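Data first, discussion second: the structure below is written as structure tokens.
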Amino acid sequence: MAIEYSADVSGDALEEILTSLAESPRRIPSKYFYDEKGSKLFDRICTLDEYYPTRTEMAIMRDCIGEICSALGPQCLLVELGSGSSTKVRLLLDHLESPAGYVPVDIALQHLEHAAAALSKDYAGLPVVPVHADFTRPFEVPELREPSKRRVVYYPGSTIGNFTPDAAREQLRRISRLCAAGGGLLIGVDLKKDVSVLEQAYNDAGGVTAAFNKNILTNLNREFGADFDPGRFDHRAVYDREHGRIEMYLISREAHTVRLGGKRLEIRGGEPLLTEYSYKYSPEDFRELAAGVFEVRRVWTDPRNLFSVQYLEPAGPRAGKK
């Protein structure tokens, strides 16, 4: 299957990583979780008993699929950001009226290739045009031969929670431009809830999330010539009530030196490396976050109010225009 390389996924990546590691606390952008191994580990996380988001989101989708597809409309072009294994989108494709095509966008090339090939085989006649890109940067949606009535960006899994509020608003602005005139956004948004439920979801008993977290160091070693030793770090995830977010860290077990991009990083014993934020919102919080960029049209939740699926449309007459 041909892959559309719409953006340079490396770009100034090394500079970005070095800048992030110079912050206090030191930080590694969470997008570097998703090499081939990291993507597979995340797929495993999604099946864990402790990890409620995936099964809850899919239950909402199944229960409300008629209303959701009605909101998206016929002959829409679906553009999925962070498509991974393209598993969730199958429910949409099974129920949408004459979808015009599917554009999966992901930073993990091999995972993208495999998922797109499987989807093309299973949905004969559906144009599937994968894009290898870092969707936190601008990229172009390829033109399809078949016309579409509107473009809908699909952004499941509460990935928007990985951004700080200011960065999330900027990401929503980028998405509004992707939607184009008359388009929409179907997004997963994780909701605020009991702290014990949240912390168990990111500290599973089997250690899969810990392996996923440490794999970010392995990815930096391979892609950027670093010499991190994942065995010198412990996984930790805690909920910050003040900011309403899970914070995921790698904690250095001992003082040691790491080399990356010609730089020496002196890591202290007990020093945290921040690898991920995962913000949680109330429906009102998210509506306020999106205000001025998107208007929330529909919100679907589960009976326990653990998670939400929301449909938004660009706000104002100028929204969606490039």
Side-chain angles (χ1 to χ4, degrees), residues 8-39 41-42 45 82 107-108 134-137 157-171 190 195 198-204 207-280:
D8 179 1
V9 298
S10 57
D12 299 321
L14 179 58
E15 182 179 349
E16 176 189 36
I17 293 166
L18 288 171
T19 299
S20 299
L21 284 169
E23 295 176 6
S24 181
R26 298 185 191 272
R27 184 176 63 86
I28 302 173
S30 58
K31 62 189 174 184
Y32 295 106
F33 282 130
Y34 297 101
D35 62 353
E36 179 73 2
K37 182 178 179 182
S39 296
L41 283 168
F42 185 71
I45 288 171
I107 198 170
D134 174 357
F135 63 78
T136 66
R137 299 178 179 181
S158 198
T159 306
I160 194 67
N162 297 148
F163 299 87
T164 63
D166 286 346
R169 278 188 283 270
E170 184 57 36
Q171 176 69 352
D190 201 3
V195 174
L198 286 167
E199 292 193 341
Q200 287 176 26
Y202 294 84
N203 293 283
D204 63 278
V208 181
T209 307
F212 171 74
N213 198 9
K214 292 183 181 183
N215 184 67
I216 201 170
L217 302 179
T218 304
N219 190 22
L220 296 190
N221 290 348
R222 183 182 60 255
E223 296 297 327
F224 302 100
D227 63 352
F228 284 99
D229 179 358
R232 285 181 159 176
F233 294 87
D234 291 319
H235 163 78
R236 182 181 300 166
V238 295
Y239 184 68
D240 181 334
R241 289 178 181 271
E242 179 182 356
H243 294 96
R245 68 192 183 196
I246 284 284
E247 299 176 351
M248 197 154 74
Y249 295 98
L250 291 168
I251 308 296
S252 175
R253 292 180 177 177
E254 58 190 13
H256 63 285
T257 301
V258 172
R259 293 170 179 81
L260 171 63
K263 306 286 186 180
R264 288 168 55 93
L265 305 176
E266 301 296 335
I267 309 293
R268 303 187 308 273
E271 183 173 3
L273 304 185
L274 174 65
T275 55
E276 184 177 76
Y277 287 140
S278 186
Y279 281 81
K280 312 304 173 184

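Everything quoted here is computed from the prediction, not taken from an experiment.
- S39 pairs by the side chain to side chain contact (heavy atoms under 4.5 Å, CB included) definition with Y34, A108, H111, not counting sequence neighbours.
- In terms of modelled atom types and a separation under 3.5 Å, the side chain of D234 and the main chain of I251 share no donor-acceptor contact.
- The minimum heavy-atom distance linking N162 with S30 is given by the pair CB-OG, 4.2 Å.
- For the side chain to side chain contact (heavy atoms under 4.5 Å, CB included) test, residues two or more places apart in sequence or in another chain that qualify with N215 are D35, K37, L41, T218.
- Between atom NE2 of residue H235 and atom CG of residue N203 there is a gap of 4.0 Å, rounded to the nearest 0.5 Å.
- The backbone N or O of F33 sits nowhere less than 3.5 Å from a side-chain atom of N219 that would complete a donor-acceptor pair.
- Partners of F135 under the ring-ring contact (aromatic ring centres under 6.0 Å, His included) rule, at least two apart in sequence or in another chain, are Y155.
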Item checked: Intermediate values then yes/no, salt bridge (Lys or Arg N to Asp or Glu O under 4.0 Å), E266 and R268 -> CA-CA 6 Å; E266 301 296 335; R268 303 187 308 273; over 6 Å; no
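- Counting only distance, with no hydrogens or angles, the side chain of T275 and the backbone of I28 share no donor-acceptor pair below 3.5 Å.
- Contact detail for L217 and P230: the closest heavy-atom pair is CD1-CA, 3.9 Å.
- Of the inter-residue distances, the one linking R169 atom CZ with T164 atom OG1 reads 8.5 Å to the nearest 0.5 angstrom.
- Applying the side-chain hydrogen bond (donor to acceptor under 3.5 Å, both in side chains) criterion to R241, with sequence neighbours excluded, gives no partner residue.
- When all heavy atoms of T209 and D204 are compared, the closest pair comes out as OG1-OD1, 2.5 Å.
- For H256, the ring-ring contact (aromatic ring centres under 6.0 Å, His included) partners two or more places apart in sequence, or in a different chain, are F233.
- For E254, the salt bridge (Lys or Arg N to Asp or Glu O under 4.0 Å) partners two or more places apart in sequence, or in a different chain, are R232.
- The ring-ring contact (aromatic ring centres under 6.0 Å, His included) search around Y202 returns none, not counting sequence neighbours.
- With sequence neighbours excluded, the residues satisfying ring-ring contact (aromatic ring centres under 6.0 Å, His included) with Y277 are Y279.
- Expressed to the nearest 0.5 Å, how far CG of L21 lies from CG of L265 amounts to 5.5 Å.
- Residues passing the side chain to side chain contact (heavy atoms under 4.5 Å, CB included) test with D240 are E242, H243, R245, E247, sequence neighbours excluded.
- Taking D227 as the reference, V258, R259 meet the side chain to side chain contact (heavy atoms under 4.5 Å, CB included) condition, with sequence neighbours excluded.
- Separation of atoms CG (L220) and CZ (F228) is listed at 6.0 Å; rounding is to 0.5 Å.
- Scanning all heavy atoms of the two residues, the minimum distance from L260 to L18 falls at O-CD2, 3.7 Å.
- Looking at residues two or more places apart in sequence or on another chain, you find a side-chain hydrogen bond (donor to acceptor under 3.5 Å, both in side chains) between E16 and K31, Y32.
- Under the 3.5 Å distance criterion, the side-chain polar atoms of N213 are matched with a main-chain donor or acceptor of Y249.
- The CD1 atom of I216 lies 11.5 Å from the CG atom of N221; values are rounded to the nearest 0.5 Å.
- Minimum heavy-atom separation, R253 to K214: NH2-NZ, 4.2 Å.
- In this structure, the side-chain hydrogen bond (donor to acceptor under 3.5 Å, both in side chains) partners of R27, at least two apart in sequence or on a different chain, are S20, E23.
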